[in-house]
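Take a look at the structure set out below.
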Amino acid sequence: MLRKHKKLSLLSLGLLSSISLAVQAAPAAQTHVIVAPQCLVDKLADNYTTLSSSESLTLIETNPAGIDALITAKNQRSAIPCGGFMDVTDAWNEYHPKGLTESNRAQSFLNGYTHPKKHLLNKSSNNYSIKYQNQVNQLLKTINPQDIWTDLTHFSDTSKGQFPDRYAGSDNGVKAAQWLKTKIEDMAKANNRTDVTTWTVATGTQYKQPSVVVKIGNSNEPGVVIGGHMDTLNSSWELKPGADDDGSGSMTVMEVARTLISSGMNFKKPIYIIWYSAEEMGLVGSSYVVKDFKNKNIPVDAVLQLDMTGYANQNDPTIWLITDNVNKDLTAYLKTLVNTYVKVPVSETRCGYACSDHASWDKAGFTASFPFEAKFGNDDPYIHTAQDTMEVLSQSHMADFAKLGTAFAVELAEPTA
Ligand code: BES
Ligand code: ZN
């Protein structure tokens, strides 16, 4: 305890001196406010200032070099995993509760991450039963593992002219977003669907790659969200194919979209297909998407996150359900969907931190879920490196997640005919 205090005061001393430095060196637009586990912050040099810290998490202000350092630190796979970080710059800048001093403001803000409030927003009215077996089974027949493989081959192709990376801050990243959007628009046209709309959501001012949102159906009832993140880390020192993280989830989502769009089926509720930007930079894209849904008062019943669906450790076909930062009932329903439709083993595992975009929805009070490729720790060891290629991925594992996503969409969006 004593040691901790000593460290804190030393830290804040260091901070005082670097505050002025940071202000001089970094223009406001370059400032990032980050929530990170203390064990990760401990690995940073001096390019940050602490705004507040709790037992487990710390709120810091840093600059792009600090973000790079955080990424490097978190990618050092250590014996005791430390967890990722969230970029909360936008939320912090908008956080001005009345009557708080600056340090209380930081403490109260950080509290929202250590003790997230569940404001039962959009509480699902669905009782999570299996109701549309005929329709689901009809669509499952049209899932084509080869489609996923072909799309992923293109999406993770780092050769000239394709995507050396899909980094949120690069032109390659913008190109990847454009490719996804155009692919859906072409698909809608080819299937004469006039009820498919697409739009982009800007990722603040820091990252040029937007998130891509597709709405299937014209209804404005509470919808069903299925998404994954399209971005990779940047390829400044090595190529970033991001085949598993998260090309696999992105192309699994694409297969669900293709299945739905070509089905001719209509639904009572809209289905939103989303590819998030800047997940790797601290869930940045998804936090803007969630904010956009809230601003536009778009209601959402249920969220499915697909991030890493391709690596079946030792050919184990099990689908693993992440149990933290998710809704318990929806996660239990995923188990029923796997048993009914996918018919592979299903088990539970924990990330231990806000490891993907489901956490952005969950934090905002939405009902989210996250099925995953392997038990946490037995997942693809090559992610975030130039070796995150398709070589170690399984076509059938990805197809199983596409089945789960399709069953999720059909059961929850409710076919009308
Ligand atoms: N796909 C990973 C998340 C992941 C990795 C989940 C391994 C389970 C096992 C995601 O793209 C990622 O890298 N997340 C970051 C945290 C994020 C908030 C920056 C991470 O896990 O370090
Ligand atoms: Zn990642």
Side-chain angles (χ1 to χ4, degrees), residues 32-37 39-41 43 57 62 66-78 80-89 91 113 156 165-169 173 203 206-207 227-235 240-250 252-253 275-287 290 305-313 319-326 348-363 368-388 392-393 401:
H32 293 256
V33 179
I34 301 292
V35 172
C39 51
L40 197 61
V41 175
K43 294 181 187 161
L57 293 175
T62 187
I67 300 285
D68 284 348
L70 280 166
I71 289 170
T72 309
K74 103 178 153 61
N75 285 347
Q76 293 164 352
R77 286 212 167 195
S78 51
I80 312 145
C82 176
F85 63 91
M86 280 165 92
D87 190 325
V88 295
T89 311
Y113 292 86
S156 62
D165 60 70
R166 303 186 299 273
Y167 172 51
T203 310
Q206 311 248 14
Y207 300 103
H229 72 91
M230 67 177 120
D231 69 305
T232 65
L233 294 171
N234 77 54
S235 57
K240 289 288 166 15
D244 195 25
D245 186 10
D246 180 29
S248 62
S250 294
T252 303
V253 169
W275 288 282
Y276 306 100
S277 166
E279 187 272 350
E280 301 287 7
M281 307 313 289
L283 313 181
V284 187
S286 55
S287 73
V290 170
Q305 174 70 3
L306 294 174
D307 184 0
M308 296 168 67
T309 61
Y311 182 78
N313 192 309
I319 288 183
W320 296 80
L321 308 179
I322 300 286
T323 55
D324 48 349
N325 296 297
V326 298
E348 295 184 348
T349 188
R350 266 173 64 82
C351 258
Y353 57 97
C355 61
S356 191
D357 302 305
H358 62 296
S360 295
W361 290 100
D362 181 71
K363 166 91 174 56
S369 61
F370 181 17
F372 188 65
E373 65 185 15
K375 183 179 171 157
F376 187 80
N378 286 345
D379 46 282
D380 193 329
Y382 302 109
I383 65 166
H384 303 154
T385 73
Q387 280 73 50
D388 182 5
V392 295
L393 302 190
F401 283 88

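FYI, side chains are in, hydrogens and waters are out, and symmetry mates aren't considered; it's all heavy atoms of this structure. Both ligands and their constituent atoms are indexed starting at 1 by order of listing.
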For [X], counting its heavy atoms only, list the atoms of ligand 1 lying under 4.0 Å from any of them.
X	value
F85	17 (C), 18 (C), 19 (C)
C351	6 (C), 8 (C)
A354	18 (C)
Y353	20 (C), 21 (O), 22 (O)
D307	1 (N), 2 (C), 3 (C), 10 (C), 11 (O)
F376	8 (C), 9 (C)
L283	18 (C)

**Test item: side-chain donor near acceptor, H32 and D87, under 3.5 Å** = yes
**Message:** Quick one about E348 and T323 (side-chain donor to acceptor, distance below 3.5 Å, no hydrogens or angles considered), yes or no?
**Reply:** no
**Asked** Protein N, O or S atoms less than 2.8 Å from the Zn ion (ligand 2), ignoring waters?
**Response** D245 OD2, E280 OE1, E280 OE2, H384 NE2
**Prompt:** Quick one: does E279 get an N or O within less than 3.5 Å of an N or O on ligand 1?
**Reply:** yes
**Prompt:** Any N or O on D245 sitting closer than 3.5 Å to an N or O of ligand 1?
**Reply:** yes
**Residue list, side-chain contact (heavy atoms from CB on, under 4.5 Å) with S235, at least two apart or on another chain** = P164, D165, K240
**Prompt:** Side chains of T349 and I322: does their closest heavy-atom pair fall under 4.5 Å?
**Reply:** yes
**Prompt:** How many angstroms lie between atom CG of L70 and atom NZ of K43, to the nearest 0.5 angstrom?
**Reply:** 10.5 Å
**Complete:** Interatomic distance, CG@N378 vs OH@Y311, rounded to 0.5 Å, equals 8.0 Å
**Prompt:** Among L283, V35, I71, which one satisfies side-chain contact (heavy atoms from CB on, under 4.5 Å) with F85?
**Reply:** I71
Under a 3.5 Å distance rule, please check whether [X] uses its side chain to pair with a backbone N or O of [Y] as donor and acceptor.
X	Y	result
T89	V33	yes
D244	D388	no
S356	H358	no

**Prompt:** For ligand 1, is M86 a contact, meaning one of its heavy atoms is under 4.0 Å away?
**Reply:** no
**Item:** H384 near ligand 1 by a heavy-atom separation under 4.0 Å
**Value:** yes
**Message:** Going by the closest heavy atom to atom 12 (C) of ligand 1, which one wins out of E373, E280, H229, Q305?
**Reply:** E280
**Message:** Does M86 form a side-chain contact (heavy atoms from CB on, under 4.5 Å) with Y353? I'd like the steps, not just the answer.
**Reply:** CA-CA 10 Å; M86 280 165 92; Y353 57 97; over 6 Å; no
**Message:** Walk me through whether V392 and D380 qualify under side-chain contact (heavy atoms from CB on, under 4.5 Å).
**Reply:** CA-CA 8 Å; V392 295; D380 193 329; 3.8 Å; yes
